[in-house]
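Taking it in order: structure first as structure tokens, then the write-up.
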Protein chains: 2
Amino acid sequence: MVTLKQLAEQLNVSVSTVSKALNNSEEISKDTIERVKELAKHLNYQPNKMALSLKSNKTKTLGVIIPNILNHFFAKALYAIEMEASKQGYNIITCVSNEMLSKEENSLQLLSNGSVDGFIMSIAEETQVKNKTDHIAVILNQGIPMVLFDRVVDLDCDKVIIDDFGASYEATKHLLSEGRKHIVLISEIEELSVGKLRTNGYLKALEEDTTSQQEPIVIHVGKDDDLEETIDNLFISNSKVDGILSIDNTSGVVALHKALRRGYKVPENLSIIGFSDDNVLAYTDPKLSTISQHTFDIGKSSVKLMIDRLQKKSTTTHVTKTIKTNLILRGTTK
Amino acid sequence: MVTLKQLAEQLNVSVSTVSKALNNSEEISKDTIERVKELAKHLNYQPNKMALSLKSNKTKTLGVIIPNILNHFFAKALYAIEMEASKQGYNIITCVSNEMLSKEENSLQLLSNGSVDGFIMSIAEETQVKNKTDHIAVILNQGIPMVLFDRVVDLDCDKVIIDDFGASYEATKHLLSEGRKHIVLISEIEELSVGKLRTNGYLKALEEDTTSQQEPIVIHVGKDDDLEETIDNLFISNSKVDGILSIDNTSGVVALHKALRRGYKVPENLSIIGFSDDNVLAYTDPKLSTISQHTFDIGKSSVKLMIDRLQKKSTTTHVTKTIKTNLILRGTTK
DNA sequence: CTGAAAGCGCTAACAG
DNA sequence: CTGTTAGCGCTTTCAG
């Protein structure tokens, strides 16, 4: 890398003159500015990032910590974050916690050494199950800003979430409006706060439904359970099921396949609604109806919140932004 | 952040003593080392990353540039890269080129200011179509190491690839061994070097097959084409098709759905082989047979190659590592 | 055993 | 208008 010093030597001026010239300082003569810039361009000079960061105490870099990059939701959120950050002149350092508290703690710890200006994070399942927040509080106490998205924690910081309760409440209402009498909820994420909220939305909708008077049926698929087997068992033990609300990313697809294989007519005799953004799930036939989370907006908003915070545009009080969801009716609902 | 200076002041010793103590220098007395370390731990001292980088001219950070993070292959590769890098004490800065040359140039340019020690990259489609390599050559000329994976370019640097030709050659051979007489190749990636190689493997296998004497049928799905429509048309215009080799990530799934919908018996009357790692495609029924790329190994090897290079373990000559592929027969082949 | 000083590349008072 | 100096946080000679 070519440095200011090298430019200065070649031009027979001082380093500070070169620096000022490149920054269009009023103090420097037009002529000198010209000469300096020309040589800088010619030698492809670029200010050393580390030196700038050390001096300014700003890295223009955000730390992003996500639980699982193979989950399409997080991949898309990461995509949105990268896009918006780069648009605003920020880089992102990505860490994957793999749903583990220890990795999350570690990443936070390692990046809080001046590597990043702030964190954008969605917390690991283990963290949520154990309800540990100390490692996050430590960061906050150091004055490093943090935006939590999707899976949040009860701490005072900026957050971006969706209305999980409302989303599945509405979806369940829709199934009820189709006249479904045996609506089952399938969840692989009952351990997560978002999972509980979504389940509650379903329960509430059924509870409020005075006409069908159906009992809620919640199928909770644990880490060690086989998803396909569990769903098969559902159809066996509960053949009258005529509505399925899947509140995670993937179980809706599996339920659809299993139902079709068992001869259910979808959506004539059975409606299925999945939860997630669309892409991956677009490859079913018929196309899965879903609750869209607008993942792209979630990521984008997280970055905006962070950068506002960094630029002190927003003042002291922390914000929780709720992104609207959408019930998208495609082929698996009437 | 707490600094060496602060520790030094509190302990009434010099900054250099503190620095040496923390680095277990022989020069410092056991006693002092003890005291220093204790306070350091107590105040949660962490060496400032930027200062270290500036001093050492090493960032312990890798720049990763991928074309599209929503493509499962790249998501998984990124996952593997992050995992291996973090294991080796490196962070990664991720940039998404979105298949655009300009974004790729930009990311390379921006990160080559001392932000990263090296690049791991898979080149954008546009870059490959236009066959532009100048921006990459510039980086290489600056002495910044680069590992290209999957989609590579004809430049002298380390590379990690798979045997694309061989993989689809073998897959086609398998279809032939099943006695398939009308094997079609579907490709969404004919613009890419890997796509061409895979197509050639298919062509070669058919050419060598003296018994069935079939004409190759290559369905090239372009950016503006509708995948589902194209596949539907295939079945209409070519109802005798009894074997499909999909050489991209997704078209195999769509082909399977469309075929089932049209009443083909899979795999009795029609075999389908997809290309990619498994995860996403596991959610079909029957399960799609695929050529597994061992994406995880690709990512991991890329990082290893990079770090070897950075640590000068490997000497001057550049390496091309080829990761083995695997034909995984599941439900869509006999 | 400890400290002073220099320097990584840069910016910004302050002097001239 | 240009240069000198100091300092961001750290490591590393070199003196003491």
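Just so it is clear, the structure is predicted and the values come from calculations on it, not from any experiment. Labels below follow one simple rule: chain letters A, B, ... track the order of the sequence lines, proteins then strands, and each chain is numbered from 1.
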Rounded interatomic separation in angstrom, taking [atom1] from [X] and [atom2] from [N]:
X	N	atom1	atom2	answer
A:L22	D:dT2	CG	C1'	15 Å
A:I28	D:dT4	CD1	P	13 Å
A:K49	C:dG9	NZ	P	17 Å
B:L54	C:dT11	CG	P	12 Å
A:K30	D:dT2	NZ	P	12 Å
B:N57	C:dG7	CG	P	16 Å
A:L52	C:dC8	CG	P	16 Å
A:M1	C:dC8	CE	P	14 Å

Going through the checks in order, is the salt bridge (Lys or Arg N to Asp or Glu O under 4.0 Å) test met by A:E38 and A:R35?
CA-CA 5 Å; A:E38 192 176 10; A:R35 286 185 10 194; over 6 Å; no
Of all residues at least two apart in sequence or in a different chain, which pass the side chain to side chain contact (heavy atoms under 4.5 Å, CB included) check with B:L110?
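Checked B:L110 against side chain to side chain contact (heavy atoms under 4.5 Å, CB included); matches are B:N106.
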Is there a donor in the side chain of [X] and an acceptor in the side chain of [Y], or the other way round, less than 3.5 Å apart?
X	Y	answer
B:K37	B:N24	yes
B:E105	B:Q109	no
B:S193	B:Q128	yes

Could you pull out the protein-nucleic contacts involving nucleotides 12-15 of chain C (nitrogen or oxygen on both sides, under 3.5 Å)?
from   : atom 1 : to    : atom 2 : distance (Å)
C:dA13 : N6     : A:K20 : NZ     : 3.2

Which residue, B:S29 or A:Y45, contacts DNA chain C at a nucleotide closer to its 5' end, judged by nearest heavy atom?
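Closer to the 5' end of DNA chain C: B:S29.
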Over 12 non-hydrogen atoms of neighbours within 6.0 angstrom of CD in B:Q142
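Enclosed.
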Which of residues 3-12 of chain B sit near DNA chain D, with a heavy atom under 4.0 Å from it?
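Only B:T3, B:L4, B:K5 qualify.
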Residue pairs fulfilling ring-ring contact (aromatic ring centres under 6.0 Å, His included) with at least one residue in residues 23-66 of chain B, sequence neighbours excluded
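Non-adjacent pairs meeting ring-ring contact (aromatic ring centres under 6.0 Å, His included): zero.
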Compute the bend angle of the helix from C:dC1-D:dG16 to C:dG16-D:dC1 from the end axes (five pairs per end), rounded to 10°.
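The end-segment axes of the helix from C:dC1-D:dG16 to C:dG16-D:dC1 are tilted 60° relative to each other.
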Quick check on C:dG3: is either OP1 or OP2 less than 4.0 Å from any side-chain nitrogen or oxygen of B:T17?
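Result: yes.
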Any residue in residues 111-118 of chain B with a heavy atom nearer than 4.0 angstrom to DNA chain C? Just list them by number, or reply none.
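Listed by number, there are none.
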For A:L22 against A:A40, the heavy-atom pair lying closest together:
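Nearest pair, atom of A:L22 first, then A:A40: CD2-CB, 3.8 Å.
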Using the side-chain contact (heavy atoms from CB on, under 4.5 Å) rule, take B:L78 and B:I66 through it: C-alpha gap first, then chi angles, then the decisive distance, then the call.
CA-CA 8 Å; B:L78 180 59; B:I66 54 177; 4.1 Å; yes
Classify A:S56 by what it touches in the nucleic acid, base, sugar-phosphate, or nothing, heavy-atom distance under 4.0 Å.
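Nothing, no heavy atom under 4.0 Å.
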So B:F73 and B:F149, would you call those rings parallel, tilted or perpendicular, with 30° and 60° as cut-offs?
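Tilted.
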From C-beta outward on B:T32, which listed nucleotide comes closest to its side chain: D:dT2, C:dC10, C:dT2?
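The answer is C:dT2.
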Audit row: B:M121, B:I123, side-chain contact (heavy atoms from CB on, under 4.5 Å) steps and yes/no
CA-CA 6 Å; B:M121 163 162 142; B:I123 68 175; 3.6 Å; yes
Option passing side-chain contact (heavy atoms from CB on, under 4.5 Å) with A:P67 (candidates A:M100, A:E125, A:R151)
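Between A:P67 and the candidates, side-chain contact (heavy atoms from CB on, under 4.5 Å) is satisfied uniquely by A:R151.
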Check step by step if side-chain contact (heavy atoms from CB on, under 4.5 Å) holds for B:M306 and B:D158.
CA-CA 8 Å; B:M306 172 56 69; B:D158 293 321; over 6 Å; no
Verify side-chain contact (heavy atoms from CB on, under 4.5 Å) between A:I120 and A:M146, making sure each step is shown before the conclusion.
CA-CA 6 Å; A:I120 295 178; A:M146 165 127 55; over 6 Å; no
